[in-house]
Structure formats: C-alpha cells, structure tokens
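We count ligands from 1, going down the list as the structure has it; atoms in each ligand are counted the same way. All of these numbers come straight from a predicted model, not from anything done at the bench.
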Amino acid sequence: MPFPQTRSRRLRGSPALRHMVTETRLPVESLIYPLFVAPGKGVRNPVSSMPEVFQLSVDELVKEAQQAHDLGISMINLFGVPDKKDLTGKLAADPDGLIPQAIRAVKKAVPGLLVMTDVCLCDWLEHGHCGLVKDGAILNDETLPVLASMAMAHAKAGVDMVSPSDMMDGRVAAIRRELDAGGFSHLPIMAYSAKYASGFYGPFREAAQSAPQFGDRAGYQMDPANAREALREVLQDVAESADIVMVKPAMPYLDIIHQVKAATNIPVAAYQVSGEYSMMWAAHQKGWLDLDRVMMESLIGIRRAGADVILTYFAKRVAKKLRGEK
Ligand code: PBG
C-alpha cells in the first residue's frame with residue numbers, strides 16, 4: 001500500500017514504540033572485555049593511544065575484573081605484556097607464567113567472571129611475530145606445539161576459554177588435540193578465524209608491545225581484499241572443531257561478519273580492535289564526534305551484521321551506559 005496509507009513514521013512515534021520494534025539489541029552479556037596484564041605490583045600504566053586502557057599488574061587486574069563483573073560483563077580476555085621475551089616461546093607456555101598467575105588470581109577473586117586468554121606468541125617472542133622464525137621465515141608447523149602447550153598452561157590455571165589469534169594453519173586442531181589429551185575436552189576454543197592484516201591494530205601494538213621487528217604479518221594474516229578466503233578460513237576452523245569463530249577487525253569487515261554468520265551454525269564473534277576504539281576517542285577529543293553515540297552505533301552495527309559476541313575496549317563504558325550511569 002503506497003503513501004498516504006503507508007507511513008513508516010507511525011512506528012517511530014514514541015520512545016516506547018521505537019524500543020518495542022527494535023530489531024537489534026546490545027546486551028551486556030554479549031561483550032568481552034580485553035585486558036593487558038603486566039608484571040609487577042600496583043602497576044596501572046595508561047596506554048597513550050587508547051584512553052581508559054591500561055597495562056595492569058595482576059593485583060590491579062583483579063580490581064578491574066571485579067568492576068567489570070559488577071557491571072554485568074560476562075567475560076574478560078587477557079593479553080600478556082611480559083618483561084622478558086625469547087626466540088622459543090617457552091615463556092608463553094610456562095605454567096607459572098604471567099598469564100597463568102593472572103587466571104588463578106581472577107578466578108579466585110571473581111569466580112563468576114569467565115576468563116578467556118589470547119593464545120599467540122607475538123607478545124612473547126623478541127621479533128614480535130606470531131610464530132617461530134628461522135632465517136626470516138615463519139615456521140608454521142613448529143609453532144603449533146608451542147601454541148598447544150601455551151593453551152595447556154592456561155587450561156591448568158583454570159581458564160574458561162582459549163582464543164588463538166596467531167593465524168598459523170592447523171592451530172585449532174593442534175590445540176584441541178592437546179587439550180583433549182590433557183583432560184580438558186570441555187574447554188571451548190574461540191578461533192580468530194578471519195583475521196585481516198590490518199592497520200587498525202596500531203594502538204594495540206603499543207599496548208602489548210608486540211609490533212613485528214622486521215617485515216609484516218601479511219604472510220599469515222588475511223588480505224583485506226578477500227571475502228571468499230575468509231569463508232574458507234572459517235570453515236577450516238569449524239572442521240578443526242572451533243567452538244566460536246571470530247572476524248577481526250569489525251567495522252571495515254561487516255560484510256564478512258554477515259557472510260560468516262550465514263555460512264556457519266556456531267556463534268560468531270567480532271573484535272572491535274584498538275584502532276577502531278582509538279579513532280572514535282580521538283575524534284571525540286577534537287570535538288568532532290559524540291563518543292557515546294558512535295560507540296553504541298558502531299556496536300549495534302556489528303551486532304546487526306551478525307556478531308553474537310563482541311570484544312571491545314568499550315565494554316565497561318557500554319555496560320555503564322546500558323545501566324543509565326554516566
Ligand atoms: C596478536 C594480536 C593482535 C591483536 C590481537 N591479537 C595484533 C596483531 O595481530 O598485530 C589486535 C587487537 C587490537 O588491535 O585491538 N596476535
């Protein structure tokens with residue numbers, strides 16, 4: 001029925017009506033809050049390119065985790081910012097290392113909060129690549145057992161989910177085998193399946209001190225031009241028994257999130273990465289954008305594209321906003 005009988009504005013007439021017909025929501029339970037863990041005590045180092053983001057020592061991390069849990073956030077994701085790195089990755093797989101200590105402390109203090117960990121070597125290797133390197137080349141297959149033992153170290157410390165972000169071929173299967181053999185067949189894997197070689201990771205590399213010291217990550221992360229390849233990566237990870245697949249970054253890849261949602265029947269995650277966070281903050285600080293509005297709009301857009309779960313540095317800010325605080 002054309003105008004004047006049909007009027008789309010009828011259902012926009014009041015806040016209650018608009019709320020009733022909202023197609024997409026952003027429940028606090030869908031958010032995962034990424035945090036950076038550093039050695040020491042009482043450490044709360046601001047990350048200059050990421051306002052309100054800090055490198056936290058384990059004692060400070062516990063306070064942050066408690067706050068997040070009190071705000072209704074379901075899960076945190078831990079990245080390590082170690083003070084020692086080597087060329088083997090054995091520090092990443094140390095059962096008493098920084099991340100296992102952090103897992104134990106948070107699970108003890110805030111048992112209701114789910115803890116997920118990043119499984120990748122870039123923070124732990126001197127050259128900052130995500131895999132072992134020999135003569136300038138990434139050693140894919142040699143990296144897999146190191147990733148698997150890193151995941152095992154986290155499992156033994158009580159982690160609730162592990163999340164490989166390295167983009168080596170075969171890592172999901174390698175981690176699954178190791179976890180199953182070690183008595184952790186119940187532990188889910190969230191795989192960074194379609195992870196693009198992105199300029200939007202810039203601020204993270206400051207936060208995690210993980211910038212590659214030579215070359216770039218284009219030999220293992222995906223070409224931003226490719227969509228069909230993302231589906232191949234996702235289906236491969238599903239075949240290797242990933243429990244959740246992830247697309248990363250989020251905002252420039254909404255079409256990929258949408259296609260991945262249609263191509264799979266397991267939950268889909270999206271990572272609103274550091275550069276997405278920092279550019280909204282920077283524009284806000286210049287008075288060019290309203291931060292809370294673009295924060296909510298960007299996250300609703302990611303949900304509308306098909307993300308069930310979103311990793312975002314805005315998690316606490318969103319949780320407060322959803323409660324009407326601030
Ligand atoms: C590294 C890793 C990166 C991010 C998560 N895990 C950076 C990279 O690949 O260089 C980026 C997260 C962000 O930018 O917020 N394995």
Side-chain angles (χ1 to χ4, degrees), residues 31-37 47-55 76-82 85 89 92 99 116-133 138 140 143-144 146-147 150-151 154 161-169 171-172 175 189-224 233 237 244-253 269-282 295 298-299 302 307 309-315:
L31 304 176
I32 298 177
Y33 183 29
L35 292 165
F36 299 98
V37 192
V47 176
S48 64
S49 54
M50 300 177 74
E52 299 184 355
V53 173
F54 302 85
Q55 297 170 343
I76 58 173
N77 178 32
L78 303 181
F79 291 99
V81 192
K85 302 179 192 239
I99 295 296
M116 164 175 131
T117 48
D118 186 61
V119 174
C120 186
L121 300 180
C122 58
D123 306 339
W124 303 87
L125 294 173
E126 283 167 20
H127 45 66
H129 277 290
C130 300
L132 301 177
V133 170
I138 305 290
N140 188 95
T143 301
L144 302 182
V146 186
L147 293 169
M150 182 177 186
H154 298 176
M161 191 179 302
V162 290
S163 192
S165 68
D166 53 288
M167 289 297 278
M168 296 301 121
D169 288 325
R171 77 269 159 81
V172 174
I175 292 170
I189 300 176
M190 178 188 287
Y192 288 61
S193 301
K195 179 177 181 184
Y196 286 88
S198 173
F200 287 98
Y201 305 150
F204 173 94
R205 292 179 186 174
E206 180 204 333
Q209 290 161 8
S210 68
Q213 302 301 302
F214 66 89
D216 57 29
R217 303 207 201 286
Y220 41 104
Q221 297 181 350
M222 283 186 49
D223 180 345
E233 281 281 7
D237 284 354
I244 303 179
V245 285
M246 193 203 295
V247 175
K248 175 185 176 186
M251 208 150 65
Y253 300 92
Y271 200 138
Q272 181 178 57
V273 301
S274 57
E276 300 178 68
Y277 178 83
S278 298
M279 70 183 179
M280 284 187 245
W281 258 106
M295 168 183 83
S298 62
L299 293 166
I302 295 164
V309 176
I310 307 176
L311 292 95
T312 176
Y313 303 99
F314 284 126

Within the distance-only criterion (no hydrogens, no angle test), does the side chain of Ser274 pair as donor or acceptor with the backbone N or O of Phe200 below 3.5 angstrom? yes

Sorted by chain and residue number, the ring-ring contact (aromatic ring centres under 6.0 Å, His included) partners of Tyr196 (sequence neighbours excluded) come out as Tyr253

Between Ser298 and Glu276, do the side chains contain a donor N or O and an acceptor N or O under 3.5 Å apart? no

Present, as a list of atom pairs with distances to 0.1 Å, all nitrogen or oxygen contacts under 3.5 Å between ligand 1 and the protein.
residue	atom	partner	partner atom	Å
ligand 1	6 (N)	Lys248	NZ	3.3
ligand 1	9 (O)	Lys195	NZ	2.9
ligand 1	9 (O)	Arg217	NE	3.4
ligand 1	9 (O)	Gln221	NE2	2.8
ligand 1	10 (O)	Arg205	NE	2.6
ligand 1	10 (O)	Arg205	NH2	2.7
ligand 1	10 (O)	Arg217	NE	2.9
ligand 1	10 (O)	Arg217	NH2	3.2
ligand 1	14 (O)	Ser274	N	3.2
ligand 1	14 (O)	Ser274	OG	2.7
ligand 1	15 (O)	Ser274	N	2.7
ligand 1	15 (O)	Tyr313	OH	2.5
ligand 1	16 (N)	Ser165	OG	2.9
ligand 1	16 (N)	Lys195	NZ	3.2

All salt bridge (charged side-chain N to carboxylate O under 4.0 Å, His left out) counterparts of Asp118, not counting sequence neighbours: none

Applying side chain to side chain contact (heavy atoms under 4.5 Å, CB included) to Ser210 and not counting sequence neighbours gives Cys122, Asp123, Phe204, Arg205, Ala208, Arg217

Do Lys195 and Tyr271 form a cation-pi contact, if we require the NZ or CZ to be under 6.0 Å from the six-membered ring centre and within 45 degrees of the ring's axis? no

